[in-house]
Amino acid sequence: MLDMFDRDEDIEIRPSRKLGARVEGAFLAPSNHFVTRAVTGLDLTFQGIEGDIHAGHTRRSGGREPWYPRGTELRNERQLSLVAPDELARIARAMGIAQVRPEWIGANLLISEVANFSMLPAGTMMFFKGGVTLKIDGQNVPCRIAGRSIAEHARMPDHEAGSLLFPKVARRLRGLVAWVEKPGRIEVGEQISVRLPEQWIYRA
């Protein structure tokens, strides 16, 4: 019989912890396009952001889920897109442009005061002071669609080159996707308690 105590000694387990964060910006996408616009706050239901293109209990699969036929109906764990200002600045420098704005890549929330924001693990919970709770599903993988949007908005001379460059330089910097665990309203400037779960590397 496997001795679980011996096995635990072979696996490094990082304890859960709490961090503080702040909402620097809030953004809403129209129902027909992923580019967002700045707003003073977001009204959230269990379907996500009211009126946002990514709202819904379910979504359709795409290129991120090659194990399903494209268009398969799935649970919507990608209700919100979250990014960090320092990581957007790193992407901009790598692309040789002045800035990458959250709106250009369809972000809903700009979150500050968390180092290595895109590396927060799946299962991290974000408790907003106003009462909303979001749960992180995982990293948002950069794609050419967002890259083309950046190239167009930044007026890069070669839009196709920009669309190809973004996925290369933005990996693990493009932010996170999350879903609504507890609905309510999020306001710009609001404080957040970020709670990381226990972490470990699984080894068979």
Side-chain angles (χ1 to χ4, degrees), residues 21-60 62-64 76-92 94-95 97-114 117-118 120 126 128 130 132-156 159 162-163 165-167 169-181 183-190 192 194:
R22 183 178 184 274
V23 180
E24 293 293 338
F27 310 90
L28 178 70
S31 59
N32 61 348
H33 202 279
F34 87 100
V35 173
T36 50
R37 59 179 174 82
V39 292
T40 58
L42 297 170
D43 293 307
L44 276 65
T45 71
F46 285 116
Q47 295 192 60
I49 303 169
E50 290 188 359
D52 189 86
I53 190 173
H54 292 112
H57 290 299
T58 62
R59 65 178 179 86
R60 299 290 179 178
R64 295 182 179 89
N76 186 10
E77 83 291 8
R78 300 175 59 84
Q79 292 176 337
L80 289 92
S81 169
L82 293 69
V83 296
D86 57 326
E87 294 182 338
L88 294 183
R90 287 178 62 185
I91 294 170
M95 295 185 71
I97 56 178
Q99 63 176 337
V100 173
R101 296 191 58 82
E103 301 96 314
W104 298 351
I105 57 174
N108 299 119
L109 289 170
L110 183 65
I111 306 295
S112 65
E113 302 179 13
V114 178
F117 179 74
S118 292
L120 289 176
M126 304 183 73
F128 293 75
V132 169
T133 304
L134 300 182
K135 196 160 191 177
I136 300 302
D137 180 76
Q139 289 189 349
N140 197 356
V141 179
C143 67
R144 292 180 61 181
I145 294 174
R148 178 169 288 278
S149 176
I150 292 171
E152 292 174 351
H153 283 91
R155 299 182 179 178
M156 295 179 69
H159 292 177
S163 73
L165 180 59
F166 175 68
V169 303
R171 185 169 177 78
R172 307 197 191 287
L173 294 172
R174 200 250 187 268
L176 304 162
V177 291
W179 50 274
V180 178
E181 179 160 283
R185 182 172 173 83
I186 294 174
E187 299 281 357
V188 175
E190 195 170 329
I192 313 165
V194 181

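Only this structure's heavy atoms are used, side chains among them; waters, hydrogens and symmetry mates stay out. As the structure is a computational prediction, the values presented were derived from the model and not from experiment.
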Whether S149 side chain and W104 backbone form a donor-acceptor pair below 3.5 Å: yes
For W179, all residues meeting ring-ring contact (aromatic ring centres under 6.0 Å, His included), sequence neighbours excluded: none
Separation between CD of E190 and CG of L109, rounded to the nearest 0.5 Å: 9.5 Å
Those residues that, when tested against T36, pass side chain to side chain donor-acceptor pair (under 3.5 Å) (two or more places apart): none
Donor-acceptor contact present, side-chain Q79 to main-chain F46, <3.5 Å: yes
Separation of F117 CZ from D86 CG (nearest 0.5 Å): 10.0 Å
Residues which pass salt bridge (Lys or Arg N to Asp or Glu O under 4.0 Å) with E103, listed by chain and number, not counting sequence neighbours: R101
Side chain N108, main chain S81, donor-acceptor under 3.5 Å: yes
Distance in Å, S118 OG paired with L82 CG, rounded so as to fall on 0.5 Å steps: 9.5 Å
Residues that H54 engages under ring-ring contact (aromatic ring centres under 6.0 Å, His included), provided they are two or more places apart: none
Atom pair CZ/CG of R78 and D137 - distance to nearest 0.5 Å: 8.0 Å
Considering all heavy atoms, the nearest E50-T45 contact: OE2-CG2, 3.2 Å
Heavy-atom side-chain proximity of L134 to V180 below 4.5 angstrom: yes
Heavy-atom neighbours of R90 CZ exceed 12 at 6.0 Å: no
Contact check, side chains of L88 and I105, non-hydrogen atoms, under 4.5 Å: yes
Side chain to side chain contact (heavy atoms under 4.5 Å, CB included) partner of Q139, the single match among R174, R172, R171: R172
Gap between atom CZ of R144 and atom CD1 of I150 - 0.5 Å precision: 13.5 Å
Point-to-point distance, once rounded to the nearest 0.5 Å, from CD1 of I49 to CD1 of I186: 7.5 Å
NZ/NE/NH1/NH2 to OD/OE distance under 4.0 Å, E77 and K135: no
Partner set under salt bridge (Lys or Arg N to Asp or Glu O under 4.0 Å) for E87, not counting sequence neighbours: none
Minimum side-chain heavy-atom gap L44-L80 below 4.5 Å: yes
Contacts of type side chain to side chain donor-acceptor pair (under 3.5 Å), residue D43, not counting sequence neighbours: R185
